[in-house]
Amino acid sequence: NLFEEEKIIPTQNGYAYANHAYWAFVPQISELFSTEQLVDIVEDPEAQWAFTSLSRESEQRSTKAKSDYIDNITCTFLDENIVINGRQRSFNYGSDFVKVKGIDKDFIEAQDISWLHKFYKWISEAKSRINLIPKKPIFLDKNGNAVALRDNKGDIILFLPVDGVTSYTTINEELLKNHDTKSFLKELGIKEPDRRDLINLIIAQYDEGENNLDHTENFKKFFAYYLSCPQSEIDGYIDDLSGCKFVKAISAKTGVGYYYPDEVYYPSPELTKYFETKINAKFVLINEYMSLVSSDKKNKLEEFFNAIGVNASAVYYSRDLSRSDVSKYNLPCPTNNGIRWEENYIDGLLEIMDDIEYSQSKEKSVLLWNQMILVIGKYASYGSSINPELFVGRCHYTYYSTKVQRFESICSRKLKKTAWLFNKNDEICSPKDLFVEHLSDEYDTESVYAQAFIKFLEIEDEASQDDVKNL
């Protein structure tokens, strides 16, 4: 092929081989980016701008055949999106589009300030280009590092400099000396940092999994902002905090650590008693947090932890079951391939039930009853109805395709069949051996979710049973 064997493609600096010739989608691109910059962008040391007097955009509209011909005798075309963001190699409608690196951090850091002003002006002139750059590291900070204006969540992470404030990433002051660049930056939303910006920066550190974070100081900032957060922002703020692994908690099994809010429990007297028999339950170190806040704010701590997702009652989660569980509880066992059993498990339930059976503790029985009412309310599906997912197990297997067979969970079976409830004579009974009227007065039988639980346990009303007998 002549175009591959000879340097005959006209360029800015003479002639080039076809596989080193690049065609700008519009002339402004080849005017702004020099040959040296093109070499960096496409990672081709022999790259040259070709056909610089012709616009691919115009040629496609006016003379499609000519545009197609030039496409065939050049390496590739470059439009604003490809220049800024690069392009992976792709095959599309029979065309082989070569890989392009695009503008990156190293490229920006290598440019002088005067060229960057021209670059920002070019971007500012078209909304399509502006939309390409908010999360792109194309600005210089005070140390000359290329940084983005916003993070992946859209929060601003680059700010105007403020005297005496050093905890933020601030724009290079040389960029602010150009009127057009300064105006463009303000249009993009750059500003002096406020308290929420500091919070966003701390949250971003957690999102990025940074190590060596000062969880104590961060908690103080999180809590202080929670107390003053505008109502219009509070839901979003709580969502952000729920994804941060900053809550200090302790368990008898693993000791002290930092966890996501929904991984730990608030240490109410009821929950600590409920989980006495489960050594890996994790509790917020509330006394330590109490020491970090002023006395007039201590009453807000529980509200804060509940708001961000720390659990105030037992939770349920999915757990895998073993072959011994299948045999012990006579679970479904199809004779097929790929069998796996799982169930939704209420945290701590089996452990406290075993303890009640062994110790005959009425206190623990009432405690379990109250926890179940809270759990049912927490996960209620329709009004006061028990969420059917609470007490479900699933057997997964393959028979031509993936199948699922549902079964009653072990937690459900134990609650219904085990002797763990006390009657008015302080005798321990199973639900099937009780009437509602015979339950100890220490059990709540009147609340909406208590009545839902009674119905679930199939504890009958004695008066209703007598009516049936008299028919």
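For the single chain, residues carry numbers from 1 onward in sequence order.
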Less than 6.0 Å separating the ring centroids of W122 and F33? yes

Taking the ring centre of each residue, are F422 and H438 less than 6.0 Å apart? no

Between the side chains of K364 and E276, is the shortest nitrogen-to-carboxylate-oxygen separation below 4.0 Å, so that they form an ion pair? yes

The ring-ring contact (aromatic ring centres under 6.0 Å, His included) partners of Y317 (sequence neighbours excluded) come to Y345

Sequence neighbours left out, what passes side-chain hydrogen bond (donor to acceptor under 3.5 Å, both in side chains) with R150? Give chain and number order. none

Decide whether S365 and Y443 meet the rule of one side-chain donor and one side-chain acceptor closer than 3.5 Å. yes

Got a donor-acceptor contact below 3.5 angstrom from the E109 side chain to the A146 backbone? yes

Assess the residue pair E342 and R319 against the criterion (salt bridge (Lys or Arg N to Asp or Glu O under 4.0 Å)); give the C-alpha distance rounded to whole Å, side-chain angles, the decisive distance to 0.1 Å, and a yes or no. CA-CA 5 Å; E342 62 166 344; R319 68 169 188 170; over 6 Å; no

For K221, is there any backbone N or O sitting under 3.5 Å from a side-chain donor or acceptor partner on Y226? no

Could you check whether F139 and Y120 have their ring centres less than 6.0 Å apart? yes

Ring of F456, cation from K416 - is the NZ or CZ under 6.0 Å from the centre and inside 45° of the axis? yes

With a 3.5 Å cut-off and no angle check, do the side chains of S440 and K362 form a donor-acceptor pair? yes

Are side-chain heavy atoms of L241 and F304 found at a separation under 4.5 Å? yes

Is any side-chain N of the basic residue among R394 and E389 closer than 4.0 Å to the acidic one's carboxylate O? yes

Short side-chain donor-acceptor distance under 3.5 Å, S228 and R195: yes

According to side-chain hydrogen bond (donor to acceptor under 3.5 Å, both in side chains), who are the partners of R413, at least two apart in sequence or on a separate chain? none

Taking atom types as modelled and ignoring hydrogens, do the side chains of T445 and Q451 form a donor-acceptor contact shorter than 3.5 angstrom? no

Less than 6.0 angstrom from the centroid, inside 45 degrees of the normal: does K282 satisfy that with respect to the ring of Y259? yes

From OG (S128) to CD1 (I84), nearest 0.5 Å: 8.0 Å

Ion pair check, E187 and K182, cut-off under 4.0 Å: no

Report the distance from atom CD1 of I308 to atom CD of E303, rounding to the nearest 0.5 Å. 11.5 Å

Checking T418 side chain against K414 main chain: does a donor-acceptor pair fall under 3.5 Å? yes

Residue pair L434 / L439, side-chain heavy-atom distance below 4.5 Å: yes

Consider ring-ring contact (aromatic ring centres under 6.0 Å, His included). Of F283, Y289, Y265, which one does F305 pass it with? Y289

Below 4.5 Å, heavy atoms only, C-beta onward: do K455 and I386 meet side chain to side chain? no

Check this for me: does any side-chain nitrogen of one of R129 and E80 sit under 4.0 Å from a carboxylate oxygen of the other? yes

To the nearest 0.5 Å, what is the distance between CG (D240) and CG (D207)? 7.5 Å

With ring-ring contact (aromatic ring centres under 6.0 Å, His included) as the test, pick out the partner of F246 among F223, Y258, F222. F222

Is the side chain of D347 donor-acceptor paired with the backbone N or O of Y316 at a distance under 3.5 Å, no angle test? no

Does K135 reach the main-chain N or O of N152 with its side chain, forming a donor-acceptor pair under 3.5 Å? yes

Got a sec: does the NZ of K432 have more than 12 other heavy atoms crowding it under 6.0 Å? no

Provide the closest heavy-atom pair for I157 versus A148 in the form atom of the first, atom of the second, distance. CG1-O, 3.7 Å

SB check E233 R196 (cutoff 4.0 Å): yes

Could you go through S327 and S324, starting from their C-alpha distance and side-chain angles, then the distance that decides it, and tell me whether this counts as side chain to side chain donor-acceptor pair (under 3.5 Å)? CA-CA 5 Å; S327 176; S324 61; over 6 Å; no

For the rings on F407 and W341, is their centre-to-centre separation under 6.0 Å? no

Within a strict 4.5 Å, meaning less than it, do heavy atoms of the I202 and E217 side chains meet? no

Within the structure provided, determine whether E270 and K273 are in side-chain contact (heavy-atom separation under 4.5 Å). no

Heavy atoms, side chains only, cut-off 4.5 Å: are V162 and P193 in contact? yes

Assess the residue pair D320 and R340 against the criterion (side chain to side chain contact (heavy atoms under 4.5 Å, CB included)); give the C-alpha distance rounded to whole Å, side-chain angles, the decisive distance to 0.1 Å, and a yes or no. CA-CA 8 Å; D320 290 330; R340 179 175 66 86; 3.5 Å; yes

Taking the side chain as everything from C-beta on, heavy atoms only, tell me whether I376 gets closer than 4.5 Å to N387. no

Side chains of K378 and N311 only: does a donor on one sit below 3.5 Å from an acceptor on the other? yes

